[in-house]
Amino acid sequence: MLAKGHAAPDATTFEVVATRGSTENGICSTEFLERAFRTDSFMMKVTVGADGTWSYFEDTVLTIPGRAEPFHHTDRNILHRIGPAKPNPLAR
């Protein structure tokens, strides 16, 4: 899956999306996943807190055989910074 969105440089909230069939932000999967848990769309909303936290909410919409309605697999969390960023020494 490749999702993208647009945000201003100083934005504290942004959203990325991917939709099945899109040639720009597409979704593809293995044969098994295509048959058993086909992903039709994905959305993630990220919020950057003034206290250094990042929170996110994700909604992945799946088509699952035997279910009449699409299944929304959702996830959310808050990430807390535990220290300053350290450059990867191999990237120097």
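Among all heavy-atom pairs drawn from Ala11 and Ala7, the shortest one is CB-CB, 4.0 Å.
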Side-chain polar contacts of residues 66-83 - donor-acceptor pairs under 3.5 angstrom, sequence neighbours left out - could you list them?
unit_1 : atom_1 : unit_2 : atom_2 : d
His72  : ND1    : Asp59  : OD1    : 3.1
His72  : ND1    : Asp59  : OD2    : 2.9
Asp75  : OD2    : Tyr56  : OH     : 3.3

List the atom pairs, donor and acceptor, that lie under 3.5 Å between side-chain atoms in residues 37-51 and the rest of the protein, sequence neighbours left out.
unit_1 : atom_1 : unit_2 : atom_2 : d
Arg38  : NE     : Asp40  : OD1    : 2.7
Arg38  : NH2    : Asp40  : OD1    : 3.1
Arg38  : NH2    : Asp40  : OD2    : 3.4
Arg38  : NH2    : Thr63  : OG1    : 3.3
Asp40  : OD2    : Thr63  : OG1    : 2.4
Asp51  : OD1    : Thr53  : N      : 3.2
Asp51  : OD1    : Thr53  : OG1    : 2.7

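A single hydrophobic cluster is seen to contain both Val17 and Phe57, as judged by linkage of ILVMFWY side chains at heavy-atom distances under 4.5 Å, directly or through other members.
Judged as a side-chain hydrogen bond (donor to acceptor under 3.5 Å, both in side chains), the pairs with a partner in residues 4-13 (not counting sequence neighbours) are, in order, Lys4-Glu24.
Summarising the geometry, atom CG belonging to Leu33 is positioned 12.0 Å from atom CD1 belonging to Ile27; distances are rounded to the nearest 0.5 Å.
Legend: residues meeting salt bridge (charged side-chain N to carboxylate O under 4.0 Å, His left out) with Glu34, ordered by chain and number and at least two apart, are Arg20. The side chain to side chain contact (heavy atoms under 4.5 Å, CB included) test applied to Ala36 returns Phe32, not counting sequence neighbours.
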